[in-house]
Amino acid sequence: MKFQVPRGTRDILPGEVERWHWLEERTRVAMSLYGYREVRTPLFEATDLFVRSVGESTDIVRKELYTFQDRKGRSLTLRPEGTAPLVRAYLENPDLRTESPTRLYYMGPMFRYERPQAGRYRQFWQIGAELLGPAGPEADAEMIDLFRAVMFDVGLADVTVLVNSLGDAVCRPRYREAIRAYFKKHAEKLCGDCKERLETNPLRILDCKVPSCAPVIAGAPSVLDSLCPECAEHFEAVKRALTGLEIPYEVAPRLVRGLDYYTRTVFEIHAAGLGAQNAVGGGGRYDQLVKDFGGPDTPAIGFSIGMERLLLLVGDQAPPPAKPDVCVIALEPGSAVEAQALARALRGQVDDPEHRQALHVVVDVMGRSANAQMKWASKVGARWAVFVPMAAEGYGVRDMTAGKDEARQRSVEELRRWLIGRRGLVESPR
Ligand SMILES: [Zn+2]
Ligand SMILES: [Zn+2]
């Protein structure tokens, strides 16, 4: 029997995982600097949570959910996105609502049954932020600013912000009818899915990826022409705020995003290096969602970023994996435990936040000969080999890079200080 990773998923291995750690750390810092706190929700939720928020007629709900019944017959779904679970948590935990606004973020895997293609997975990672409470344009500007800050903090400055407004309960129905009438006139040129969308949800036609639908979509009326005065003023105020924050943007009247809960502002961020269709992420307002879930009237806005895409863009800027500073070599078969004890003593203080006083130390656990241990030490790229048992004149130390023996060190403390001091002189620190 031979097992393989499920189709559309992948293992993240050492060598790559260090880049993930780096990205996670950087994005966490950006979130925290803006006052956002993390919420970790379960990977699965009641199926209805997603059907009612993401929307029954969206591709995500119609074709892409991983839904299953548990042993008591409850219908559960692996989360396809992070906003609905966070809103559920927001309503369920009064502690999250003691201050307004509420600033939250999440990071973790999402699940969608999509056709696997380059850079797209059925289990993929997102980091997202949600700002619950404010209705005004300052919140929209903060979200877009935070998104850019995350990009900047991982070294991506060449980004394009696209913004649009989808209107609200007052003006959206008007637009829906306008585009339904338009697409009806061109129905024969639409793909099968879009013909269905004409009846169920004509707005979804705008994000159809079938090439033959593109020319029809390009001629569709602009949502911006249908906005009511309040939505139009909100959109103008968002644009003024972006200008005030010196954030360049482009208005993208066809931008709708693939979820039904968005109202008013939607936005995407594109980065040089991904194709024109490939946003790094995006988001929008969802002023009705909290209320739809049975909560108080709570306007809100959020975004999510695809971490796989972010990693593609980050390229080699993330640091390479750390190599061990030291291999402790047991010179005699009976000194393996002594080698482990010395390794532990050398590693030092894990409570030192920057690990200035800590050493990466590995030790043989394969019962190898001293010679084989030395070969292994150079294979794993250790900077020094240290030998046990200690000789009468002190611990022997060998510089593995230069291939020469160093002065002996008389005690564990002396050895530690010497190694840490010398590591500081290494030209390219870890
Ligand atoms: Zn189509
Ligand atoms: Zn409106």
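Source: prediction; values computed, not measured. Throughout, numbering of the chain's residues begins at 1 and tracks the sequence. Atoms within a ligand are numbered from 1 in the order they appear, just like the ligands themselves.
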message = Does Y261 form a side-chain contact (heavy atoms from CB on, under 4.5 Å) with T83? I'd like the steps, not just the answer.
response = CA-CA 10 Å; Y261 52 63; T83 299; 3.3 Å; yes

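A salt bridge links E16 and R10; the closest N-O separation between the charged side-chain nitrogens and carboxylate oxygens is under 4.0 Å. Taking a cutoff of 4.0 Å between a charged side-chain nitrogen and a carboxylate oxygen, E177 and K184 do not qualify as a salt bridge. Of the charged side-chain nitrogens involved, none lies within less than 4.0 Å of a carboxylate oxygen, so that R52 and D48 do not count as a salt-bridged pair.
In this structure, the separation between CZ on R122 and CZ on R7 is 5.0 Å, given to the nearest 0.5 Å.
K375 meets the side-chain contact (heavy atoms from CB on, under 4.5 Å) test with no other residue; sequence neighbours excluded.
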Output side-chain donor-acceptor pairs under 3.5 Å for residues 134-162, partner residues at least two apart or in another chain, one line each.
unit_1, atom_1, unit_2, atom_2, d
D140, OD1, R285, NE, 3.2
D140, OD1, R285, NH2, 2.8
D140, OD2, H234, NE2, 3.0
D140, OD2, T265, OG1, 2.6
D140, OD2, R285, NE, 3.2
E142, OE1, R103, NH2, 2.9
E142, OE2, Y36, OH, 2.6
E142, OE2, R103, NE, 2.8
E142, OE2, R103, NH2, 3.3
D145, OD2, Y34, OH, 3.0

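Environment of CD in Q117: crowded, with over 12 heavy atoms of neighbouring residues, nucleotides or ligands closer than 6.0 Å. R344 CZ: 12 or fewer foreign heavy atoms inside a 6.0 Å radius.
The distance cut-off of 2.8 Å around the Zn ion (ligand 2) captures these protein N, O or S atoms, sorted by chain and number: D168 OD1, C171 SG, C228 SG, C231 SG. Take a cut-off of 2.8 Å around the Zn ion (ligand 1): the protein N, O or S atoms inside it are C191 SG, C194 SG, C208 SG, C213 SG.
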